There are 2 protein chains.
Amino acid sequence: MSEAVSARQLQKERTRGALLEAALELSSEQGFAQTSLRQVAKRAGVVPAAFYRHFESMDELGLALVERCFGTLRTMIRDASRDPQVFLQIIDAAAEILVEAVKQNKADFAFVARERIGGSEVVRRAIGHELDLFVSELAVVLARLPNIETWSADDVQMVSRLFVRNMVANAEEVVEMPEGRPDLEERIREGARRQMRLIVLGFKDWRS
Amino acid sequence: MSEAVSARQLQKERTRGALLEAALELSSEQGFAQTSLRQVAKRAGVVPAAFYRHFESMDELGLALVERCFGTLRTMIRDASRDPQVFLQIIDAAAEILVEAVKQNKADFAFVARERIGGSEVVRRAIGHELDLFVSELAVVLARLPNIETWSADDVQMVSRLFVRNMVANAEEVVEMPEGRPDLEERIREGARRQMRLIVLGFKDWRS
DNA sequence: GAAATCAGTGAACAACTGTTCACCCAACTA
DNA sequence: TAGTTGGGTGAACAGTTGTTCACTGATTTC
């Protein structure tokens with residue numbers, strides 16, 4: 001594999017990581033678009049000029065951040081979908097995963113949720129593309145569900161988008177949620193559960 | 001009413017409007033949070049210091065903008081709900097209104113959609129509050145629909161949130177939509193229609 | 001062991017930011 | 001008509017921004 005990492009490469013990777021981490025922190029405090037190159041460098045413990053040894057611009061760092069966030073998100077969902085229990089009670093599981101995962105990777109989700117709409121053109125497009133991929137992936141799973149097998153590809157895509165969209169909206173709510181309010185948290189979880197149940201209810205009567 | 005507007009008051013109102021308009025334009029180009037006081041003043045044809053004669057800060061201007069945008073949004077929906085035809089085919093009407101209204105007031109919607117998540121704390125909170133109001137207003141309407149009359153207040157609130165959320169998401173898509181693509185526009189409209197139909201389908205089987 | 005590589009330094013730059021101040025002069029009030 | 005009010009001016013301020021540059025010194029290569 002990729003053995004023989006020289007001490008230089010290792011150190012480089014380390015400060016690169018520090019820059020990403022610093023950017024993520026600052027983004028969750030004030031938003032990525034409001035975060036300056038100098039702030040990132042300072043928090044990473046590095047002089048501004050050193051930034052350019054790792055990224056050409058803040059946009060490039062933003063793209064790297066998008067990739068990193070969706071990476072952890074993907075592994076999380078892949079792990080969850082391996083669990084057979086999840087497949088049986090897909091709704092409760094999804095609601096549970098949603099709240100827990102968001103709470104544990106708050107910074108990552110906050111970044112995606114905020115920059116999906118607000119920030120720089122490049123970052124926004126990248127996130128949009130990743131979310132479209134997600135919709136398609138979920139559509140493949142949904143297409144195998146009992147009531148849906150017979151649907152047209154367009155309809156499956158539509159309902160998949162409906163799900164992802166609500167997931168994102170719920171994630172946004174958890175991110176925005178003030179710390180240490182388990183009541184609010186349970187409320188969001190319950191709301192998500194009911195919304196999904198309502199949507200699923202419509203499945204068996206759907207036509208065209 | 002408020003007659004006897006002196007030439008001074010009138011002129012003041014005019015430049016205040018110019019500042020708001022300039023801020024809205026710049027927001028749709030680069031986002032509100034990335035828009036500086038100086039840029040706004042310049043585009044409004046006024047020196048930076050003059051800004052302070054009208055607003056204490058950019059945050060205050062942002063709040064005024066939120067109010068203005070939700071004002072036009074409200075009148076639009078109120079007008080539409082007066083039309084009896086709308087009440088009969090509520091879904092098609094909603095989809096139609098959505099796309100048309102967003103297209104016509106693109107700048108306003110873009111502002112709300114973007115700053116709902118991204119930008120300054122104060123503006124974000126204000127928009128969140130306005131949207132919560134919207135959810136409650138819609139809930140009152142929904143509570144009168146045939147299948148829903150018997151639901152608990154909590155459930156009505158939930159489905160109302162589901163609707164508003166999807167409206168917002170669809171509006172975001174229209175805003176992000178490249179100019180002059182009627183095919184994409186029709187696609188979004190059709191998607192919104194189907195999503196609403198699917199949700200409504202679940203109504204009659206809902207329990208608890 | 002000498003030479004080359006390169007992540008990180010620190011100073012300098014021009015441009016832009018929010019905010020202040022004394023000032024001007026047209027529109028109001030008395 | 002004289003005096004006051006107040007929206008708009010232009011210059012100045014102290015900070016912050018992205019970007020450049022010649023540099024240093026440890027690590028790698030030969």
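Naming: A, B, ... by sequence-line order, numbering from 1 per chain. Just so it is clear, the model here is predicted, and its values are computed rather than measured.
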Tell me: [atom1] of [X] to [atom2] of [N], nearest whole Å?
X       : N      : atom1 : atom2 : value
B:Arg14 : D:dG8  : CZ    : P     : 10 Å
B:Asp59 : C:dT19 : CG    : P     : 10 Å
A:Arg53 : D:dA22 : CZ    : P     : 12 Å
A:Phe55 : C:dA7  : CZ    : P     : 13 Å
B:Lys12 : D:dT5  : NZ    : P     : 15 Å
A:Phe51 : D:dT17 : CZ    : C1'   : 13 Å
B:Leu19 : D:dG8  : CG    : C1'   : 11 Å
A:Gln34 : D:dT16 : CD    : C1'   : 15 Å

Check the interface with nucleotides 27-30 of chain D: list each N/O to N/O pair with the protein under 3.5 Å, or write none.
| residue | atom | partner | partner atom | Å |
| --- | --- | --- | --- | --- |
| D:dT27 | O2 | A:Arg8 | NH1 | 3.4 |
| D:dT27 | O2 | A:Arg8 | NH2 | 3.4 |
| D:dT28 | OP1 | A:Ala7 | N | 2.5 |
| D:dT28 | OP1 | A:Arg8 | N | 3.1 |

salt_bridge([X], [Y]) N-O dist < 4.0 Å:
X        : Y        : value
A:Arg125 : A:Glu121 : yes
A:Glu29  : A:Arg43  : yes
B:Arg116 : A:Glu176 : no
B:Arg187 : B:Glu190 : no

Can you pull the side-chain hydrogen bond (donor to acceptor under 3.5 Å, both in side chains) pairs that have at least one residue in residues 45-55 of chain A, sequence neighbours excluded?
->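 Applying side-chain hydrogen bond (donor to acceptor under 3.5 Å, both in side chains) to every pair that reaches into residues 45-55 of chain A, excluding sequence neighbours, yields A:Thr15-A:His54.
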Are the side chain of [X] and the backbone N or O of [Y] linked by a donor-acceptor pair below 3.5 Å?
X        : Y        : value
A:Arg114 : A:Ser27  : yes
B:Ser160 : B:Ser136 : no
B:Gln195 : B:Asn166 : no

Reckon A:Gln39 touches a base, only the sugar-phosphate, or nothing at all at heavy-atom distances under 4.0 Å?
->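 Sugar-phosphate contact only.
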Sugar-phosphate, base or nothing in reach of B:Val47, heavy atoms under 4.0 Å =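 Result for B:Val47 = base.
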Select from A:Ser57 and B:Gly45 the residue whose nearest nucleotide in DNA chain D is closer to the 5' end of that strand.
->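 Closest to the 5' end, via its nearest nucleotide, is B:Gly45.
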Taking only N and O in the side chain of A:Thr15, is any of them less than 4.0 Å away from OP1 or OP2 of C:dG8?
->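 For C:dG8, OP1 or OP2 has a side-chain N or O of A:Thr15 closer than 4.0 Å.
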So does B:Tyr52 get a side-chain nitrogen or oxygen closer than 4.0 Å to the phosphate oxygens (OP1/OP2) of C:dT20?
->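 No, because none of the side-chain N or O atoms of B:Tyr52 sits under 4.0 Å from OP1 or OP2 of C:dT20.
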From [options], nucleotide with atom closest to [X] side chain:
X       : options                : result
B:Pro48 : C:dT9, C:dT19, C:dT17  : C:dT19
A:Ser36 : D:dG7, D:dG10, D:dT17  : D:dT17
B:Leu37 : C:dT19, C:dT20, C:dG10 : C:dT19

Verify the neighbour count for atom CD of B:Glu67: are there more than 12 heavy atoms of other residues, nucleotides or ligands below 6.0 Å?
->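 No, the 6.0 Å shell around CD holds no more than 12 heavy atoms from other groups.
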So with a 6.0 Å cut-off around CZ of A:Arg74, is the heavy-atom count from everything else above 12?
->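 For A:Arg74, atom CZ is crowded (more than 12 foreign heavy atoms under 6.0 Å).
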Contiguous pairing runs of three or more, Watson-Crick or G-U under 3.5 Å, that involve DNA chain D |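 Counting only runs of 3 or more consecutive pairs, the stems involving DNA chain D are C:1-30 with D:1-30.
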Side chain A:Arg38 and base D:dG18 donor-acceptor under 3.5 Å =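 Side chain to base: pair found, below 3.5 Å.
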